[in-house]
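Everything numeric here is computed off the predicted structure, so don't read it as measured data. Lettering follows sequence order; numbering is per chain, from 1. The analysis underlying the following values was restricted to heavy atoms, covering all of them including side chains, and did not include hydrogens, waters or symmetry mates.
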Amino acid sequence: MRKEDTVKLISAEGFEFVVDKEAAMVSQTIHNMLTSPGSFAERQHGEVTFPEISTTILEKICQYFYWHLQFASGKETEFPIEPELTLELMMAANYLHT
Amino acid sequence: MSNQKKRNFQIEAFKHRVVMDPKYADKTWKILEHAIHEIYNHNASGLSFEELYRNAYNMVLHKFGEKLYSGLVSTMTGHLKDIAQSVEAAQGGSFLEELNRKWNDHNKALQMIRDILMYMDRTYIPSTQKTPVHELGLNLWKENVIYSSQIRTRLLNTLLELLHSERTGEVIDRGILRNITKMLMDLGPSVYGQEFENHFLQVSAEFYRVESQKFIECCDCGDYLKKAERRLNEETERVSHYLDSRTEKKITNVVEKEMIENHMLRLIHMENSGLVHMLCDDKYEDLSRMYNLFRRVTDGLSKIREVMTSHMRESGKQLVTDPERLKDPVEYVQRLLDEKDKYDKIINLAFNNDKSFQNALNSSFEYFINLNPRSPEFISLFVDDKLRKGLKGVSEDDVEVTLDKVMMLFRYLQEKDVFEKYYKQHLAKRLLSGKTVSDDAERSLIVKLKTECGYQFTSKLEGMFTDMKTSQDTMQGFSACHPELNDGPTLTVQVLTTGSWPTQSSVTCNLPAEMSTLCEKFRSFYLGTRTGRRLSWQTNMGTADLKATFGKGQKHELNVSTYQMCVLMLFNNADRLSYKEIEQATEIPASDLKRCLQSLALVKGRNVLRKEPMSKDIGEDDAFFVNEKFSSKLYKVKIGTVVAQKESEPEKQETRQRVEEDRKPQIEAAIVRIMKSRKQLDHNNLIAEVTKQLQSRFLANPTEVKKRIESLIERDFLERDDSDRRLYRYLA
């Protein structure tokens, strides 16, 4: 996979998730981040740091990105969410506009 | 569960910590403000989107949306004011470029700012009903840059100047114009309209008013239309290149109004080049241009149509009333057909086959063809001419085409029954003299007449064909029955049904003895096989072939009419006969006899008889001899009767009278039909209905209809209502 096609998402704790751009752009926020005219630092480096999102949540989010793509292409499965993650996940979703 | 609660608590605590920092909002805004400055300065690469977004997010989340929003407005306004200044400072031609460049910058910056402030756009703005960031940016641009007093008029003037110079043939930078007009459109259609389009249309109208005035003074109609067309195309092209597509309609309207509508009448009536001139000279291209241009404006086409109609009527009227033309019916009809072809072609090529024009053409022809009461006769004569000789060696398709054209003229006739009358006469002559060229063509025309006017119209004509056919069979039977007749003269009889054929008062003449015995034999043969029939001889319609030997032994076969045959046979037994003697012997009616003697004695090259004294006319005291010196290059000599192809005045009157006479029962039938279904009807409606019913055959004359009604009342078919004298009642 070419580097331009991926983006590195970094959690508050410093964990790095390398995901496809296509998947990451499920988030409208990340989408704008990577497509906004002019070049913000994120676009230049292909890295986004989220100092307010914990590793567990970010991992779940990355899973969601891929699940969403599959769902959109017609594969209707359920996306499991552990109850204890629910609230934080919702806040992150609001932030990322997913 | 407890775990989750803990998390919950943690987050709230986190929030609180932020809110509690009193300087938090100011600090965060400073960061964002700085970022906006950087963005406008093309210095965004060092910024972290995530950080800015997070800050804006948090500000909104912590109820500092208002501060964020107003901060954005004032920062952006500041920047735009700077921009306006730099645009104002731009010199001459670089003005538009500078404006365009700044606009692009602003757009880009706006996009970035919107992205950063996306969360505000999403939550804060809808809930407080403020203007979204993007629109806000455009509005601010409009207020601070476009409406800046220095820029506003300068922008408009620059644009209009550029357009004007392009109209006068200079090359301009269309790209920049496209960008600027697009900018105005982006700011909203109303801005585009107010700041540019309205003025543009005004200036254009002025420009074209002046230009069209100039052109119309010095150009002829064709050239003017070419210029107008070019201008229209130019404007359309201009719009497609750098104006908003909605302007196209408006600007073409302006051009149409200034260049066409205002000069429409003058163009149409322009001397030596206007519409009439184009029509006369078949200028398809110019006409087509005129059609396409005038179609764009209200009433344009109807003006063309009016003028064309009146021109067609005028020229048609001249054609049908020109006494020169009346001399040759075939030429007359040919001219009509040519005229029709000409306009058909014009409508087809130039007027897009416009239905309304075709209707105008039809109504014009109907109008002027019926101006000449002899049109039906002439059309029939034309067909006669074509079927007699004109169609020889012409392919079947061409025959069809010619016949179709004739039918077209026929359709215009109001007095179709008059045509029928003449057609019957001419057809009878053709059939009896065996002159018809093509049976197929004859039949095809009958079929056409039938589809046009119905079975009734042609039943008699078809009857004539049937008679010819049965006569052939009868003659075969006759000669088979009398084989001994092969030596003597041969007789061919055509048995015609009375009623189907044009009625001729049956005046018999004395046939030569040889012939009358033959006729008797035929009579007994015919009546022997059929009962209840009566045969009467129509000697005025027959023909005969005679073998004659003249003084120097020259032999000829003479093709003559029955009357002529009777006269010539007399000379078998005599050398000299006076007019009186001939008249006595043959009992041919005087007028026919004179005509027949005329053709026998006075036509050069056909004068088998000699007359004394030698004069141009046949007198009662003349004497006749066989012309022994007669000679001809041909063995077969055809001696035609001197017949007026065209009807003479008294004949015409007679036919006319017969037609009138024939109409009476038809009118009466129509009245009875209508009254039978309606039971009662007032006078005017009845007349209207009758006219409508008979339209396909002739135009009923109201006074005649009235007479027929009276007659029907007398005969107790109808009665007048007692209370309302205008109301008729049907009596069963």
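- Few gaps surround NZ on B:Lys67; more than 12 heavy atoms of other groups in view lie less than 6.0 Å from it.
- Remark: the backbone N or O of A:Glu42 is not paired with any side-chain donor or acceptor of B:Glu50 at under 3.5 angstrom.
- Heavy atoms from other residues, nucleotides or ligands lying under 6.0 Å from CZ of A:Phe15 number 12 at most.
- Taken from CG in B:Asp121 to NE2 in A:His97, the straight-line distance is 10.5 Å, to the nearest 0.5 Å.
- Residues B:Ser48 and A:Ala41 share a closest heavy-atom pair of CA-CB, 4.2 Å.
- Of the possible polar contacts, one joining the B:Tyr53 side chain to the A:Tyr95 backbone as a donor-acceptor pair under 3.5 Å is found.
- For the ring-ring contact (aromatic ring centres under 6.0 Å, His included) condition, the pairs that include at least one residue of residues 118-138 of chain B, sequence neighbours left out, are B:Tyr57-B:Tyr119.
- To the nearest 0.5 angstrom, A:Arg43 atom CZ is 14.0 Å from B:Leu47 atom CG.
- Proximity of A:Asn94 to B:Arg122: side-chain heavy atoms (C-beta onward) are separated by under 4.5 Å at one or more points.
- In this structure, A:Glu82 places its CD atom where more than 12 heavy-atom neighbours from other residues, nucleotides or ligands lie under 6.0 Å away.
- With values rounded to the nearest 0.5 angstrom, A:Asn32 atom CG is found 11.0 Å from B:Leu117 atom CG.
- B:Tyr69 is linked by a side chain to side chain donor-acceptor pair (under 3.5 Å) to nothing, counting only residues two or more places apart in sequence or in another chain.
- Atom CD of A:Glu22 is surrounded by 12 or fewer heavy atoms from other residues, nucleotides or ligands within 6.0 Å.
- Only the backbone of A:Thr49 comes within contact range of chain B, judged by heavy atoms closer than 4.5 Å.
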